[in-house]
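Worth knowing before you read on, the calculation uses all heavy atoms, side chains too, and leaves out hydrogens, waters and symmetry mates. Just so we're clear, the structure is a prediction, and the values are computed from it rather than from any experiment.
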There are 2 protein chains.
Amino acid sequence: MATSLDVAQLAGVSQSTVSRALRGDPMVNEKTRERIREIARKLDYTVDKNASNLRTQQTRTLALLFFEDPTPDESNINPFFMSMQGWIARVCSERGYDLLVSFQQMSRNWHAEYTGSHKADGLILLGYGDFLAYRSKLDALAQSGTRFVRWGSLLLDQPGIAIGSDNQLGGRMVTEHLVAQGRRRVAFIGSPEHSPEVMERYRGYQAALRAAGIDLDPALRVDAVTSQQSGHDAVLALLDKGLTFDAVFGASDLIAIGAMRALIRRGLKVPEQVAVAGFDDIAMAGNVSPSLTTVAQDTRRAGRLLVEALIALIEGKPVQSTCLPAHLVVRESSVTA
Amino acid sequence: MATSLDVAQLAGVSQSTVSRALRGDPMVNEKTRERIREIARKLDYTVDKNASNLRTQQTRTLALLFFEDPTPDESNINPFFMSMQGWIARVCSERGYDLLVSFQQMSRNWHAEYTGSHKADGLILLGYGDFLAYRSKLDALAQSGTRFVRWGSLLLDQPGIAIGSDNQLGGRMVTEHLVAQGRRRVAFIGSPEHSPEVMERYRGYQAALRAAGIDLDPALRVDAVTSQQSGHDAVLALLDKGLTFDAVFGASDLIAIGAMRALIRRGLKVPEQVAVAGFDDIAMAGNVSPSLTTVAQDTRRAGRLLVEALIALIEGKPVQSTCLPAHLVVRESSVTA
DNA sequence: CTGAAAGCGCTTACAG
DNA sequence: CTGAAAGCGCTTACAG
């Protein structure tokens, strides 16, 4: 593998000049620069990132950390996050950054592992769940001067920059929509205590019911993690308790789709007998049958914003937390013809 | 940020000893080792990867390269690849490797960029399409001694190690299944010339028809890239030409799902009038309605195999290309009650 | 069992 | 405009 010294030798210049020429330093004579570039190309020479990173103390690499919670579940990742990652990866490459991707349990050392070891200049935190448990890690990150942005709730008391959807408004809109369809007994499936985002969606749900003069029935709230299975089981639990309800708001599309399957399997008609709505607008939502009413989050814009906020942070520019608008997408699962 | 020298100073030993102790060198006195470890922990010291990589000339990083083809499409990545990536990431972390993820167009320099610059010890190539165009890149990779594995076809004349599904058998099984349902006019939607995997699926389709004594009708083959839109448009094209067919085999689930939508929109009953089948078994396949008959590829096993083959390659161990079994998953879209 | 020293391949003041 | 030299923070023969 060629080094800058090999290039220098062939070009008849010093290694310093090669380094300068390849970095486009205008101090280097244009002709020399071109000659050096040509030789480098012929030799398939590429700057050794480890050497240059070591020297400059930066990596031009961002780390994307997925948190799997609460169980290190064997099943697939929420497609919503996958879609986000797609955009994050694109923007990274657009901005000349490499992207390190890693799945994390909330084990000991991830907060020190990336920036301490100079693997990355900054972190993007995605899908972390229980914010109480993570709080101390976030504090440690902030304390150590690590640059990071997280996707999620914009709760006031969390350290660092956050980009997130307007979960509360989203939850409110979707519940208002269900109520507008004449539904009075709206079940909520999800775990507000587990994740601040779900908490916000739940608050929106509460607010909408309150505004409609409908009393909250605590029995209609069932815990669930973000998976079809979990949504499925939650509906069965409601049904088996003999509770009646005419609508289900799943805290995520995966939950809602699982819930819908359970309803249909038990012979209930969606949306006639039970209307269903979710949150996220993953690709599947538009393709299930009946197609799923949901709250769309703009993963494209979110991905871009996350990357750009982090880079700004790294470059020492001012950055603000941002709340993205969410919008209601009405489909078949909530509207009777 | 603490360095090994800081730790050494506090521990009253030399920097070499710190380095040895932290790497678990048994030469170092056990008590000293423990003491050093303790101090390192207190200081939140992490080995600088750039420095150690530079010294050892390896990175313990793998790069995952997605190829978007043929258009640098704005839309989402095939969920099949996303699922694969999930498993790849998990196995990487299990094996102590970091994972660099990058979307590539088949632009100039990706083949030199990763290993030449010591960003990664090896490459995983995913979703590359036109193998003719990539052939020269693969040759260059092989020539430069770059370690790489690719997901895809096991065509004999491609350089390097490949892991792939038995596309031909898969294509054959699904077509045989359609024929067994009494279908005689089976359309194929996909572009064999564009991708070797699709080519193999197409060959399986041909073989199954031949075995059933059904003449191949070239008019029933329509090009499509892997997207719902493309599958949708292909069916419309067939319909608008006035061609008749009683089954559609989409070269991917995305294509098949798009095809199904187009059929339904045009008032055709699936599966009664037209049976539909796909390939991949993405999560959506089981959730659309009617649920989609398809050929399942084991992304979990595939992801593991890709990572382990690449690591073996890096460690200089013998590695073989592997063809994974694919299996038919019969669902509602192909079977009349 | 431990330390002093070389060297991985760069970047960048400093000197000319 | 160019070169000689220091130094980024490690790992690992080599010597003791």
side-chain contact (heavy atoms from CB on, under 4.5 Å) against [X], all qualifying residues, sequence neighbours excluded:
X: A/Ala11; answer: A/Val13, A/Arg35, A/Ile36, A/Ile39
X: B/Glu38; answer: B/Arg41, B/Lys42
X: A/Ala140; answer: A/His111
X: A/Asn53; answer: A/Lys49, A/Thr59, B/Asn50

Can you name the residues that form a salt bridge (Lys or Arg N to Asp or Glu O under 4.0 Å) with [X], not counting sequence neighbours?
X: B/Arg95; value: B/Glu308
X: A/Asp25; value: none
X: A/Glu30; value: none
X: B/Lys31; value: none

Mapping B/Glu30 and A/Thr46 to their closest nucleotides on DNA chain C, which lands nearer the 5' end?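 Here B/Glu30 is the residue nearer the 5' end.
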
Heavy atoms within less than 4.0 Å of DNA chain D: which residues of residues 12-28 of chain A have one? Give them sorted by number.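 Contacts with DNA chain D under 4.0 Å: A/Val13, A/Ser14, A/Ser16, A/Thr17, A/Arg20, A/Met27, A/Val28.
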
Boundaries of the chain B footprint along DNA chain C (any atom under 4.0 Å from a heavy atom):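 Boundary nucleotides touching chain B, in 5' to 3' order, are C/dC1 to C/dG9.
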
Is the count of non-hydrogen atoms from other residues, nucleotides or ligands lying under 6.0 Å from B/Gln57 atom CD greater than 12?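 Yes, the 6.0 Å shell around CD holds more than 12 heavy atoms from other groups.
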
Please collect all salt bridge (Lys or Arg N to Asp or Glu O under 4.0 Å) contacts where either partner lies in residues 115-126 of chain A, sequence neighbours excluded, each pair once.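 Sorted result for residues 115-126 of chain A: A/Glu113-A/Lys119, A/Lys119-B/Asp98.
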
If you measure from the C1' atom in D/dT12 to the same atom in D/dG16, how many Å do you get, rounded?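 It comes out at 16 Å once rounded to the nearest Å.
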
Between which residue ranges does DNA chain D form stems of three or more consecutive Watson-Crick or G-U wobble pairs, both distances under 3.5 Å?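 Listed by first number, the stems are C:1-3 with D:14-16, C:5-12 with D:5-12, C:14-16 with D:1-3.
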
